[in-house]
Number of protein chains: 2
Amino acid sequence: MDPSRHADALRAAQMYYLQDLTMDAIARELRTSRSTVSRLLSSARDSGLVQVQIRNPLDTGPELEGLIRRRYGVDVHVVPVVETLNEAETLDRVAMQAARTIGPLVDSNAIIGVAWGSTLSAVSRHLTRKITHDSVIVQLNGAGNMHTTGITYASDIMRRFGSAYGARVEQFPVPAFFDHASTKTAMWNERSVQRVLALQAKMSIAIFGVGSVDADYPSHVYAGGYLDENDLNILAHSDVVGDVATVFFRADGSSDGILLNERSTGPALSELRQVRRRICVVSGVSKINGLKGALAARLATDLILDEATARRLVGLEGMATASR
Amino acid sequence: MDPSRHADALRAAQMYYLQDLTMDAIARELRTSRSTVSRLLSSARDSGLVQVQIRNPLDTGPELEGLIRRRYGVDVHVVPVVETLNEAETLDRVAMQAARTIGPLVDSNAIIGVAWGSTLSAVSRHLTRKITHDSVIVQLNGAGNMHTTGITYASDIMRRFGSAYGARVEQFPVPAFFDHASTKTAMWNERSVQRVLALQAKMSIAIFGVGSVDADYPSHVYAGGYLDENDLNILAHSDVVGDVATVFFRADGSSDGILLNERSTGPALSELRQVRRRICVVSGVSKINGLKGALAARLATDLILDEATARRLVGLEGMATASR
DNA sequence: AAGCACTATGCACAAACGTGCAGAACGGAG
DNA sequence: CTCCGTTCTGCACGTTTGTGCATAGTGCTT
């Protein structure tokens, strides 16, 4: 990219967003055409030069947010969507808003843990660029399964995060679940694995969705060939309600004694809870039970979810909007 | 204001700025007309719900900024303006950009010192609202003179700052200059004055312009009847180059032995330098000598100025733009 | 209950904006 | 120097957005 174009984009952005000039006026000052200015501005926006932030004064916000915030002790962002949208459209809009909400939280020298799944995939597609230095994106859990090594799917997510924030990407090249807990123990002593684990231990931000065992559209983990029939049976007949980064938990948030976790490659819930900022993105009411479990386990510090699910969470299904 | 209107504004802002919907689509979701949405959005913008920020990656920024930053050790924001604009238009645009640049720096519990003058007046007119708690705006120096008590002029500035940030306003009801230094000493022992001085001592942000003795358009201080003919003569025949908040200094930044300062009500330069964030706004090349003195005195940590003055500061008058 | 002052709404029009397209400018490769 | 592929530019058009104005709504006073 021509560096003088970047400088022009900066000038244009300042004049447009900070001085309220029209594109026409800016075009005259830069001696170019209005359409070029339009393009300069859009490049300024998606190169992260311009940051738009919505700061919701906590006290005046819709009571729905206040309710969730107080009950679960998380910073919550309710994404307004109409009920008539289908699952895919809702996910798309939640993902877009999530991507723009986490942007401002990312800073230089951050170590960002990222899970994978349909939610994170959608989020990764909507990230806006932001220039940071010496940041690292680290994969939270393995993505290999019986059919594929899972590399491309999860690594696409990782790569998008990396290029949006100009960060190094550290993949976690292991399966989602080992067949034998003993293999995991062995691998966990490998230096290549330990390097990733060490990074995970230093995470300042973690971003993940939740899986819910009883979701209508089963999450990737439950349908994608990551678990065999036997495992699925065991899950279905246990009191497990969901997972975060392929680590399972019960409705009360406990996870002790869940055998599958010993073969899972995701971070133990107690480790995850060490991370300063833990951002959970949820779209779709069918994930409600998994979400409740995750909140009971205090896995998230920040929660981004669609309005319908938010209402379900606090038992206000009937209300049309939060504020009247 | 109807609280549900505020909630709608928030919803609309989220959908418009974070989900990229058109106003038309938002209107359908909110069951109202598109024009109402347009108005909701503009109210969201100027109530500070929506914050637009331009983050200029320091390393890729125009070299002009880098030059000033390195030479004077200040964070600099150069406001792009064409040379053909007259003084008033330039001031207006610098002021608008300055107002929007300082917005993000203001936070809850801040104590903000504000000077007065034509520059600050212009800035105060363009402030964008931002909700903060327990912030205080404190006047840096008295504004009374021989003709008026100066209350309305300076207090308008203060009031605008106060209402933009929802902050308490503390005026400084003294003249700009005392006739006798001894009166100042006496007043400085008054409890009402000491309360203001105590606040000033705790400032976290100070915002001021500069006066320049040899400016084409003499600053308010030099023309507004604040000083009598005798004082002006003394100034003209001394080596004083300018002032900040009615405290004078020389080209090298020194201020010792300038008698007028003993009668001035502004903060001593050494006190001003204690403030963590000191924002200096300058518009117009004729202030160049005052500005150079202020920079030599290290009075500012942040400098916002128009492009022509910036070029003059580093001796690049000829260059059309910074980057080609 | 009526009157009044003020604010919010929708319409219609004008202004501002985004984008497909065709041509210009640029930058190697031969 | 010419060719070719790529990127940038301005135009033209359709879409999206801002705003003056007439009207409807709201709340307060008498």
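These numbers were taken from a predicted model, which means no experiment stands behind them. All chains are named by letter (A, B, ...) in the order of the sequence lines, taking the proteins before the strands, and each is independently numbered beginning at 1.
- The minimum heavy-atom distance between B:Q97 and B:P80, with the atom names listed, is OE1-CD, 3.8 Å.
- Atom pair B:L40:CG and C:dT7:C1' shows a separation of 14 Å (rounding to whole Å applied).
- Side-chain nitrogen and oxygen atoms of B:T36 include at least one within less than 4.0 Å of the OP1 or OP2 phosphate oxygen of C:dG10.
- Taking atom CG on A:D24 and atom P on D:dT17, their separation rounds to 18 Å, with Å as the unit.
- Taking atom CE of residue B:M23 and atom P of nucleotide D:dT16, one finds them 11 Å apart after rounding to whole Å.
- Between the CG atom of B:D20 and the P atom of C:dC17 there is a distance of 16 Å, given to the nearest Å.
- A salt bridge between B:K287 and B:D306 is absent, with no side-chain N of the basic residue lying under 4.0 Å from a carboxylate O of the acidic one.
- The separation between A:R31 atom CZ and D:dC8 atom C1' is 19 Å, rounded to whole Å.
- Within the 4.0 angstrom heavy-atom criterion, only backbone atoms of the sugar-phosphate kind lie near A:T32; the bases stay farther away.
- When rounded to the nearest whole Å, the span between CG of A:D46 and C1' of C:dG18 equals 14 Å.
- Rounding to whole angstrom units, CG of residue B:L41 and C1' of C:dT9 are separated by 16 Å.
- Judged by distance alone, the side chains of B:S163 and B:R159 never bring a donor and an acceptor atom under 3.5 Å apart.
- Judged purely by distance below 3.5 Å, without hydrogens or angles, the side chains of A:S43 and A:R39 never pair a donor atom with an acceptor atom.
- Annotation for A:L64 and A:V314: closest pair CD1-CG2, 3.6 Å, computed over non-hydrogen atoms.
- The pair B:E307-B:R311 meets the salt-bridge criterion, with a side-chain N (NZ, NE, NH1 or NH2) lying under 4.0 Å from an Asp/Glu carboxylate O.
- If you check D:dG10, D:dT17, C:dG10 against the side chain of B:T22, the one that comes closest is D:dT17.
- Regarding contacts with the backbone of C:dC17, a side-chain N or O of A:Y16 is found under 4.0 angstrom from either OP1 or OP2.
- If you take CE of B:M15 and P of D:dT17, they are 13 Å apart, rounded to a whole angstrom.
- Between the two ends of the helix from C:dA1-D:dT30 to C:dG30-D:dC1, each summarised by a five-pair axis, the helix axis turns through 30° (rounded to 10 degrees).
- Checked against side chain to side chain donor-acceptor pair (under 3.5 Å), B:R45 has the following partners two or more places apart in sequence or in another chain: B:Y17.
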Polar-atom pairs under 3.5 Å, protein N or O versus N or O of nucleotides 19-27 of chain D: list them with distances, or write none.
none

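- For the pair B:H133 and B:S108, the tightest heavy-atom approach, listed with the atom from each and the gap, is N-OG, 3.0 Å.
- Of the N and O atoms on the side chains of A:Q51 and B:R55, not one donor lies less than 3.5 Å from an acceptor on the other residue.
- Place B:S33 and A:L21 on DNA chain C by their nearest nucleotides, and B:S33 ends up nearer the 5' end.
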